[in-house]
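What follows is a set of notes on a single structure, which appears directly below.
Chain letters run A, B, ... following the sequence lines, proteins first, then strands; residues in each count from 1. Everything quoted here is computed from the prediction, not taken from an experiment.
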There are 4 protein chains.
Amino acid sequence: MTARLENKKMLKENALLDAAFDLFARIGVNGTTIDEIVKKAGVAKGTFYLYFKDKYDILDMVVVRKTTALLSDAIAAAKARAYEDRADEAAFFTGYLIDQLARDKLLMRIIHKNLSLSLYHKVINDPVRGVELKQVVEDFKRSIQCGGYSGQEMDHLLFILLEMTGSVCYSSIINSEPAPIETIKPILLKTIRKILA
Amino acid sequence: MTARLENKKMLKENALLDAAFDLFARIGVNGTTIDEIVKKAGVAKGTFYLYFKDKYDILDMVVVRKTTALLSDAIAAAKARAYEDRADEAAFFTGYLIDQLARDKLLMRIIHKNLSLSLYHKVINDPVRGVELKQVVEDFKRSIQCGGYSGQEMDHLLFILLEMTGSVCYSSIINSEPAPIETIKPILLKTIRKILA
Amino acid sequence: MTARLENKKMLKENALLDAAFDLFARIGVNGTTIDEIVKKAGVAKGTFYLYFKDKYDILDMVVVRKTTALLSDAIAAAKARAYEDRADEAAFFTGYLIDQLARDKLLMRIIHKNLSLSLYHKVINDPVRGVELKQVVEDFKRSIQCGGYSGQEMDHLLFILLEMTGSVCYSSIINSEPAPIETIKPILLKTIRKILA
Amino acid sequence: MTARLENKKMLKENALLDAAFDLFARIGVNGTTIDEIVKKAGVAKGTFYLYFKDKYDILDMVVVRKTTALLSDAIAAAKARAYEDRADEAAFFTGYLIDQLARDKLLMRIIHKNLSLSLYHKVINDPVRGVELKQVVEDFKRSIQCGGYSGQEMDHLLFILLEMTGSVCYSSIINSEPAPIETIKPILLKTIRKILA
DNA sequence: GATGAATGAGTCTTCATTCAT
DNA sequence: GATGAATGAAGACTCATTCAT
């Protein structure tokens, strides 16, 4: 296949992924039909099945793509700062993610509702960008070593922090509950700091 | 209407609620059809619409009922202990809830996936048991007054603790991720203690 | 059965007939459910079936009752005038009916859409008021004897006049099409006069 | 799309329209189900919704199609006769329509029961055949100018004549009430002539 | 590869009718 | 007679998936 044709193929696939992302985030996965996706993408219905098995297949692709892009972005931003202290870098990293998600509510919705652990592993094991991601996780763990948690506990603590951050941000960003993210963010960071103290 | 008839009506409604709870928790709300609910409940299809508007109506009823029962239960257990210290009582309360949810995975699933804030308010404003619930919330807040948070922040902190506990327990109890609840529980409680320190 | 009890029965039946008339005229026969009728009438669903076989049974009753009342009324009004000339009486009779129907659109709707010939015969053969009605018909026929129609033709002409009047009035009264009844009525009467000339 | 495919599409749509026409006329609109229509048309249920919104959508299409064909036909027949006198042409036109409807009872039923004014306007404003139709209406009006009606009244008179003709023919053709159309037709024409005298 | 017409299983929802109380 | 809870057949509509072109 020529590069040009390859390109045309990618165009269709991307159009479908973009359309699906928007509809899933706005209407919800259940409320979205294949018909709406292909119409929004401007391709024929049959074309959908050339690229994806079904609705949940494209959902996974969407989530992986968006999550990878988000994390990749955060890594690049953090690297640009060239922090010497691992803890500072981790803090910046977290804050950066919160800010991104606060800005893009659709992204927040999609990721929080559909990022399962299996998809997370798909992201982390991506041959291209997985390496950097794993590095970030390691850095993060090293930065919290001083909190009084054992090595084994630390893995779990990271998970607790992620779950806490994720679900609190979701409620705050999407529903302004119990308050807008501007109000919640400092309290959240203060709490994280207390945990890591 | 005679008491006997009234009773028969409640039997049908309860059969529907029980059937719906089980199916929602096992198969998921979307995967469950009205047909399955009525078949499991042993009533005719039309009977469903005698008591509920649609699937989401009965879902709300199920969640409210189960949440109310769970909290009511926890309150009774806490009162039986007659704690003098508010913090001790709050700790027991939290632990009791975790244990209950660990024991009943279906309950964990239903509540975590479907307890919205509006439904929470329905529970808390129940004329019969809402009073006690509000008292528990107040007690909890008083018990964490020493954590270095302002009055306003404290409300938000309670929310953060709830979200953290809820989402971590869900993952741990349902998927044993990142570890079984027996492993996670002490780390979670340790973390809460650090936050409130 | 005592008169009092008999009376209570009639109350229910009348409540049902009144409710049905209103709903049929407003929502249409197909759009109306038994449930709505009994709710509006304030009786239990089962009670409906004590008095009527189904929706179309009560519809017939409603139409016969309303048509009989309307014609009875017109006859009484015509008699009160004590016309000497049959043609004058017939003209008054027709005008009276048009005015009544123009005033009561629901009545117009019910009668035009549901007065079949079989129901008309039920009305005309009513043992109590049928005699007067037949007399009116005979009077009418005699009054148009001069129009150049044979005896056989005259029966059919009466029908033509009724159909013309009925369908034109319906459209005019209900939809103001092609113009309001005030505009149409004189043209219609002028036309009838030309036919009978 | 190829002409062949386009053709196959039209076949399905036509099959549905034909099936619907027959069922509506025979069983009535309310008595007819989508299921019966698709079964008779030999297409799948989903196909129905590809072409029509619901039962009332296809009903409108059927009525417009049939009415347009009928009038188109009558115009062609009248033109073939090349009448010099407008009144003669109008008389032929009316008679032609009555004969057609007497021959095709289903057509009579569908048109009389479902040709609303809004649909009539759809027919009359058809870009292809609407022009001729409007011409016929104008010719008709000019032909009755001598009846002693003012210009404004004439519009309404045309409506009165149409309503009279339509409802009388319906009863006579469908129910032979008060007599078969062969008997009624001359009386009806005689009456029309008297009105226009 | 791309298309989009066609399919029909699957679901929801309504409502006339029954019958135990 | 009166009630109204219960029924389940009937019907409308959706939508993922296929396949001939």
Side-chain angles (χ1 to χ4, degrees), chain A residues 1 5-6 8-9 12-13 30-39 42-57, chain B residues 1-6 8-13 30-39 42-56, chain C residues 1 5-6 8-9 12-13 30-39 42-57, chain D residues 1-6 8-13 30-39 42-56:
Chain A
M1 191 191 303
L5 247 173
E6 180 74 29
K8 262 180 83 180
K9 264 187 60 179
K12 302 235 179 213
E13 191 174 349
N30 286 303
T32 301
T33 65
I34 307 277
D35 222 76
E36 288 170 317
I37 296 173
V38 296
K39 209 158 280 172
V43 304
K45 186 122 67 145
T47 307
F48 178 92
Y49 292 93
L50 293 176
Y51 296 103
F52 310 101
K53 203 172 74 58
D54 57 26
K55 203 161 67 172
Y56 303 98
D57 186 29
Chain B
M1 193 193 300
T2 66
R4 196 182 144 78
L5 239 172
E6 182 73 32
K8 265 180 85 180
K9 267 185 64 176
M10 284 307 273
L11 273 177
K12 301 249 175 200
E13 191 174 350
N30 286 303
T32 301
T33 67
I34 308 277
D35 228 71
E36 289 169 318
I37 297 174
V38 297
K39 205 160 284 172
V43 302
K45 187 118 60 124
T47 306
F48 178 91
Y49 292 94
L50 232 45
Y51 295 101
F52 309 102
K53 206 172 71 56
D54 57 26
K55 205 162 66 172
Y56 303 99
Chain C
M1 195 190 299
L5 247 174
E6 180 74 28
K8 264 181 82 180
K9 264 186 63 178
K12 301 235 180 213
E13 191 174 349
N30 284 304
T32 301
T33 65
I34 307 277
D35 222 76
E36 289 170 317
I37 297 173
V38 297
K39 211 160 279 173
V43 303
K45 186 121 69 143
T47 306
F48 179 92
Y49 292 94
L50 292 177
Y51 295 102
F52 308 101
K53 202 171 75 57
D54 56 28
K55 203 161 67 171
Y56 302 98
D57 186 30
Chain D
M1 194 191 303
T2 67
R4 196 185 144 78
L5 239 173
E6 183 73 33
K8 264 182 83 181
K9 266 184 65 174
M10 283 306 273
L11 273 177
K12 301 251 175 199
E13 191 174 348
N30 285 303
T32 301
T33 68
I34 308 278
D35 229 71
E36 288 170 318
I37 297 175
V38 298
K39 205 160 283 174
V43 304
K45 185 121 55 126
T47 306
F48 177 92
Y49 292 95
L50 233 46
Y51 295 102
F52 309 100
K53 207 173 70 58
D54 56 26
K55 206 162 65 172
Y56 303 98

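Annotation for D:D35 and D:V38: closest pair O-CG2, 3.2 Å, computed over non-hydrogen atoms. Shortest non-hydrogen contact noted between D:F48 and D:D54 is CZ-O, 3.7 Å. In this structure, B:I34 and B:K55 approach most closely via the heavy-atom pair CD1-N, 4.1 Å.
Within the nucleic acid shown, C:T33 comes within 4.0 Å of sugar-phosphate atoms alone, with no base atom in reach, counting heavy atoms only. Among the heavy atoms of the strands, none lies under 4.0 Å from A:V38. Residue-level contact check: C:Y51 touches the backbone only, with heavy atoms under 4.0 Å from sugar-phosphate atoms and none from bases. D:I34 comes within 4.0 angstrom of sugar-phosphate atoms only, judged by non-hydrogen atoms across all strands, and of no base. Within 4.0 Å (heavy atoms only), D:F48 reaches no atom of the nucleic acid at all.
Phosphate proximity of F:dG8 to B:K39: absent, as no side-chain N or O sits under 4.0 Å from OP1 or OP2. At E:dC12, none of the side-chain N or O atoms of B:K53 fall inside 4.0 Å of OP1 or OP2 (strictly under the cut-off). For E:dT3, the OP1/OP2 oxygens have a side-chain nitrogen or oxygen of A:T47 closer than 4.0 Å.
Between D:K45 atom NZ and D:K39 atom NZ the span is 8.5 Å, to the nearest 0.5 Å.
One can place CG of A:L50 at 14 Å from P of F:dT17, the figure rounded to the nearest angstrom. Atom-to-atom, CD1 of C:I37 to P of F:dG4 comes out at 17 Å; the value is rounded to the nearest Å. The interatomic distance linking D:F52 (CZ) with F:dT14 (P) rounds to 16 Å, in whole Å. We find that CG of D:N30 is positioned 15 Å from C1' of E:dC15, with the value rounded to whole Å. Between the P atom of F:dA5 and the CG atom of B:L11 lies a distance of 15 Å, rounded to the nearest Å. The interatomic distance linking D:Y49 (OH) with F:dA16 (P) rounds to 17 Å, in whole Å. For the pair A:E36 CD and F:dT14 P, the computed distance is 12 Å after rounding to whole Å.
Residues D:K12 and D:K9 are not in side-chain contact: their nearest non-hydrogen atoms beyond the backbone lie 4.5 Å or more apart.
Both D:A44 and C:D35 lie near DNA chain E, and the one whose nearest nucleotide falls closer to the 5' end is D:A44. In terms of position along DNA chain E, the nucleotide closest to C:K55 lies nearer the 5' end than the nucleotide closest to the other residue of the pair C:K55 and C:G46.
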Exercise. DNA chain E in dot-bracket, Watson-Crick or G-U pairs under 3.5 Å, [ ] crossing, | other strand?
Worked result: .||||||||||||||||||||
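With hydrogens and angles ignored, a donor-acceptor pair closer than 3.5 Å exists between the side chain of B:K45 and the base of E:dT13.
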